[in-house]
Amino acid sequence: MSLANQSNDSSFPAFWEELKWRGLIAISTDEAELAKALNSGKLTFYIGFDPTAPSLHLGNLVQLLVMRRLQLAGHQPIVLIGGSTGLVGDPRPTAERQLNTKETVAEWVEKLSKQASKFLDFSGKNPAMLVNNLDWTESLSAIDFLREIGKNFRVGKMLAKEAVSARLNSEHGISYTEFSYQILQGYDFLELYRRHNCTLQLGGSDQWGNLTSGSDLIHKVEAKSVHLMATPLITNSDGKKFGKSEGNAVWLDAEHTSPYAFYQFWLNVEDADVIDRLKVFTFLSKSDIEALAEKVRSEPQLREAQRALALEVTSLVHSPEAAQGAIQASKALFGQAELSELGEADLLSSLSELPSVKSAKGASIAQLLVDTGLEASVSAARRAIKEGGVYLNNEKITDEGALFDQVLAGNCAVLRRGKKTLAAIYLS
RNA sequence: GGCUAGUUACCCAAGUGGCCAAAGGGAACUGACUGUAAAUCAGCUGGCUCAGCCUUCGGGGGUUCGAAUCCCUCACUAGCCA
């Protein structure tokens with residue numbers, strides 16, 4: 001799915017209606033005003049991403065796709081990477097963040113910038129822009145910050161923000177550093193308003209307090225009302241947070257979550273959630289999605305909606321080629337075919353999607369489970385074998401001390417933990 | 001600055017000198033069933049050269065044959081006082 005092929009659904013009377021239908025608006029400033037602004041003319045808007053990890057994840061993808069939809073509707077996106085806010089830390093409801101070093105944050109800024117840029121068009125009439133808030137905060141002295149910006153913030157209001165009050169009410173408390181975060185984010189919006197006439201900030205609904213911090217500041221300093229819009233936190237039908245696979249975040253970077261694993265993640269979305277996911281994470285039209293919804297009702301076991309979702313999102317985030325690779329690998333590795341009957345070429349291309357390790361015959365299976373990342377420790381690996389959950393080339397391993405002794409065509413082997421966690425071993 | 005309470009494994013939380021690698025719950029993982037589902041049931045969850053050994057109960061030091069448990073100290077958190 002290249003940028004050129006993406007479009008909003010023209011069957012909606014107005015762009016705003018599509019956003020609502022896709023469930024992308026959890027909360028916003030005056031809806032009528034915002035709808036009017038989005039349905040007519042061009043406005044400049046931004047979303048901030050803090051470098052808290054070397055890759056963006058699915059939660060960020062929601063934002064990136066909303067950005068892209070707004071761009072397709074003719075608006076101009078600014079991607080803000082939080083080089084300075086990432087140094088301070090957005091207060092989490094649970095506990096204080098561990099500060100990362102400046103070098104690490106700078107490195108992550110680079111990675112996230114590159115990653116986020118893939119989803120937007122940097123050419124044309126309303127090209128995207130990429131900014132780093134370190135550009136306007138780094139040179140700011142503490143005194144200037146307190147005099148020029150801090151003066152506009154009332155502590156009472158800051159304390160009332162949910163992110164802060166939650167922490168004050170917890171036994172962890174909050175540091176002055178994280179308490180100040182909302183001021184920095186508010187200042188970003190003001191700066192972007194001044195530099196680029198940016199009049200809309202988007203974010204996740206958990207960011208609402210930080211979003212309002214910016215609009216309040218602009219209102220105070222510039223006597224101008226700006227817009228805010230927050231996307232809902234995506235949750236599964238069972239109420240759990242969406243975007244975790246085996247307890248780990250699903251990353252957009254292929255190094256952290258392979259295209260195969262990424263595809264599998266989407267393929268495994270529950271029936272109850274799949275239509276909502278299609279609305280949020282794909283550019284499929286309303287009529288296409290409604291047709292898939294009907295399929296979920298009539299023939300849930302075929303999982304056509306899940307297949308469409310997995311194909312679309314994997315193509316979008318990685319590439320159509322990567323998606324096809326993941327589909328092929330899924331077919332080959334999920335039981336339809338006997339592994340031993342697979343041709344060498346099919347087998348090797350399927351395995352290329354999996355985490356892999358080189359090994360010689362005679363290595364212990366338990367150790368290979370660890371080396372491939374299928375298990376966290378040798379103890380855990382032994383446990384998995386004892387529980388009957390480990391397979392080499394689809395044959396159950398029963399002995400905890402079993403050795404690697406059997407390869408398929410192409411001198412490779414398939415190691416499996418449980419039903420669907422796979423890795424490749426290549427004979428060295 | 002003072003006083004009081006607290007810091008236990010992924011999370012919550014019990015344990016107050018040996019029976020503690022540490023109850024219970026949640027969550028994850030594995031198995032059966034199934035649609036590579038959901039629900040349900042069962043198992044399982046520090047590490048290792050695994051009938052044994054090693055490291056863990058905020059950090060460091062000490063008492064003791066023996067400490068998650070007692071003492072000192074440092075850090076952090078909460079509440080109260082100044």
Side-chain angles (χ1 to χ4, degrees), chain A residues 91-99 164-179 235-250 260-277 292 295-311 314 326-337 339 350 353-354 363-367 369-371 373-391 394 396-403 414-423:
Chain A
R92 280 187 291 208
T94 45
E96 191 82 7
R97 286 175 191 271
Q98 180 83 38
L99 287 178
V164 174
S165 69
R167 284 279 293 279
L168 285 174
N169 290 331
S170 81
E171 62 184 81
H172 298 284
I174 186 168
S175 68
Y176 185 73
T177 306
E178 290 194 359
F179 177 60
T235 51
N236 290 334
S237 52
D238 57 10
K240 279 182 234 148
K241 201 170 172 185
F242 167 77
K244 300 269 175 176
S245 170
E246 298 202 4
N248 300 314
V250 176
Y260 169 79
F262 190 82
Y263 178 86
Q264 283 287 324
F265 171 81
W266 293 102
L267 192 63
N268 281 296
V269 166
E270 288 176 30
D271 296 356
D273 296 318
V274 67
I275 298 304
D276 284 350
R277 299 293 173 271
L292 287 167
K295 288 282 187 185
V296 175
R297 272 189 295 275
S298 58
E299 303 172 285
Q301 73 280 7
L302 295 182
R303 289 184 297 154
E304 282 195 34
Q306 279 90 340
R307 285 178 213 286
L309 177 67
L311 172 64
T314 309
I327 290 172
Q328 288 310 315
S330 297
K331 275 191 187 147
L333 300 171
F334 268 96
Q336 280 117 321
L339 284 173
S350 300
E353 298 291 329
L354 303 176
S364 95
I365 296 291
Q367 186 60 48
L369 283 163
V370 177
D371 293 345
L374 258 40
E375 284 291 357
S377 68
V378 176
S379 294
R382 282 170 193 272
R383 195 180 304 131
I385 293 172
K386 200 162 61 188
E387 290 173 335
V390 174
Y391 301 78
N394 276 351
K396 184 180 276 195
I397 302 291
T398 49
D399 174 11
E400 289 176 40
L403 302 177
V414 179
L415 191 59
R416 173 156 65 91
R417 190 211 71 211
K419 281 183 183 156
K420 43 193 172 188
T421 314
L422 297 150

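All values reported here derive from a predicted model rather than from experimental measurement. Naming: A, B, ... by sequence-line order, numbering from 1 per chain.
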Practice task
Check the pair L415(A), L369(A) against side chain to side chain contact (heavy atoms under 4.5 Å, CB included), reporting the backbone distance first and the verdict last.
Solution key: CA-CA 8 Å; L415(A) 191 59; L369(A) 283 163; 3.9 Å; yes
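- In this structure, NZ in K386(A) is found 12.5 Å from CG in D399(A), a value given to the nearest 0.5 Å.
- For the C1' atom pair drawn from U56(B) and U8(B), the interatomic distance equals 10 Å after rounding to whole Å.
- In this structure, Y176(A) and F179(A) have tilted ring planes: the angle between them lies in the 30° to 60° band.
- In a base pair of the Watson-Crick type (N1 to N3 plus N6-O4 or O6-N4) or a G-U wobble (N1-O2 and O6-N3), with each distance short of 3.5 Å, C41(B) is matched with G31(B).
- For E387(A), whose side chain is taken as the heavy atoms from C-beta onward, the closest listed nucleotide among C48(B), G43(B), G35(B) is G43(B).
- U36(B) atom P lies 12 Å from atom CG of D271(A), rounded to whole Å.
- Remark: A326(A) pairs with Y263(A) by the side-chain contact (heavy atoms from CB on, under 4.5 Å) rule, at least two apart or across chains.
- Note on L267(A): a base of the nucleic acid sits closer than 4.0 angstrom, heavy atoms only.
- As rounded to whole Å, 8 Å separates atom C1' of U36(B) from atom OH of Y260(A).
- Among the nucleotides G47(B), U30(B), U49(B), the one closest to any side-chain atom of R383(A) is G47(B).
- Going from the P atom of C57(B) to that of C11(B) covers 14 Å, rounded to whole Å.
- Among residues two or more places apart in sequence or in another chain, the side chain to side chain donor-acceptor pair (under 3.5 Å) test is passed with Q367(A) by D371(A).
- On the C1' atoms, G17(B) is 6 Å away from U69(B), given to the nearest whole Å.
- Note on E400(A): nothing from the nucleic acid sits closer than 4.0 angstrom, heavy atoms only.
- Looking at residues two or more places apart in sequence or on another chain, you find no side chain to side chain donor-acceptor pair (under 3.5 Å) involving S379(A).
- Between the C1' atoms of A21(B) and G15(B), the separation comes to 14 Å (whole Å).
- Under the side chain to side chain donor-acceptor pair (under 3.5 Å) criterion, Q306(A) pairs with D271(A), sequence neighbours left out.
- Between the C1' atoms of C20(B) and C29(B), the separation comes to 25 Å (whole Å).
- Residues A376(A) and Y263(A) both approach RNA chain B. Their nearest nucleotides, taken by heavy-atom distance, put Y263(A) toward the 5′ side.
- A38(B) atom P lies 11 Å from atom CG of D273(A), rounded to whole Å.
- Q367(A) places its CD atom 13 Å from the P atom of G47(B), with the value rounded to the nearest Å.
- When the nucleotides U36(B), G47(B), U30(B) are ranked by their closest atom to the side chain of S377(A), G47(B) comes out on top.
- Mapped onto RNA chain B by nearest heavy atom, Q306(A) and S175(A) fall at different nucleotides, with Q306(A) at the one closer to the 5' end.
- Proximity note for S379(A) (side chain, C-beta onward) versus C48(B), G35(B), U36(B): the nearest is C48(B).
- With P as the reference atom, C33(B) and A67(B) are 50 Å apart, rounded to whole Å.
- E299(A) is linked by a side-chain contact (heavy atoms from CB on, under 4.5 Å) to K295(A), Q301(A), L302(A), counting only residues two or more places apart in sequence or in another chain.
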Completion exercise
The contact string for nucleotides 53-59 of chain B, one letter per nucleotide 5' to 3', using protein heavy atoms under 4.0 Å with B, S and - for base, sugar-phosphate only and none, comes out as -------
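- G31(B) atom C1' lies 13 Å from atom CZ of R417(A), rounded to whole Å.
- The partner of C53(B) is G47(B), judged by Watson-Crick or G-U wobble contacts that both fall below 3.5 Å.
- Using modelled atom types, no side-chain atom of R307(A) and backbone atom of L309(A) make a donor-acceptor pair closer than 3.5 Å.
- Across the strands present, A78(B) finds its partner in U4(B); the criterion is a Watson-Crick or G-U wobble pair with both atom distances under 3.5 angstrom.
- No side-chain heavy atom of V390(A) sits under 4.5 Å from any side-chain heavy atom of L374(A).
- Within the shown strands, nothing qualifies as a pairing partner of A23(B) under the Watson-Crick or G-U definition with both distances less than 3.5 Å.
- Here R303(A) does not reach the OP1 or OP2 of A37(B): none of its side-chain N or O atoms lies under 4.0 Å away.
- In terms of polar N and O atoms assigned as donor or acceptor, the side chain of Q301(A) never comes within less than 3.5 Å of the base of U34(B) in a complementary pairing.
- In this structure, K295(A) places its NZ atom 22 Å from P of A37(B), rounding to the nearest Å.
- Atoms CZ (F262(A)) and P (U36(B)) sit 22 Å apart, rounded to a whole Å.
- Nearest nucleotide to the side chain of R382(A), out of G31(B), U36(B), C50(B): C50(B).
- When the P atom is used for both G1(B) and U73(B), the distance is 16 Å, rounded to whole Å.
- Here the C1' atom of nucleotide C29(B) and the NZ atom of K386(A) are 14 Å apart, to the nearest Å.
- For the pair K419(A) and G31(B), the criterion of a side-chain N or O lying under 4.0 Å from OP1 or OP2 is not met.
- Separation of the P atoms belonging to U34(B) and A51(B) is 38 Å when rounded to the nearest angstrom.
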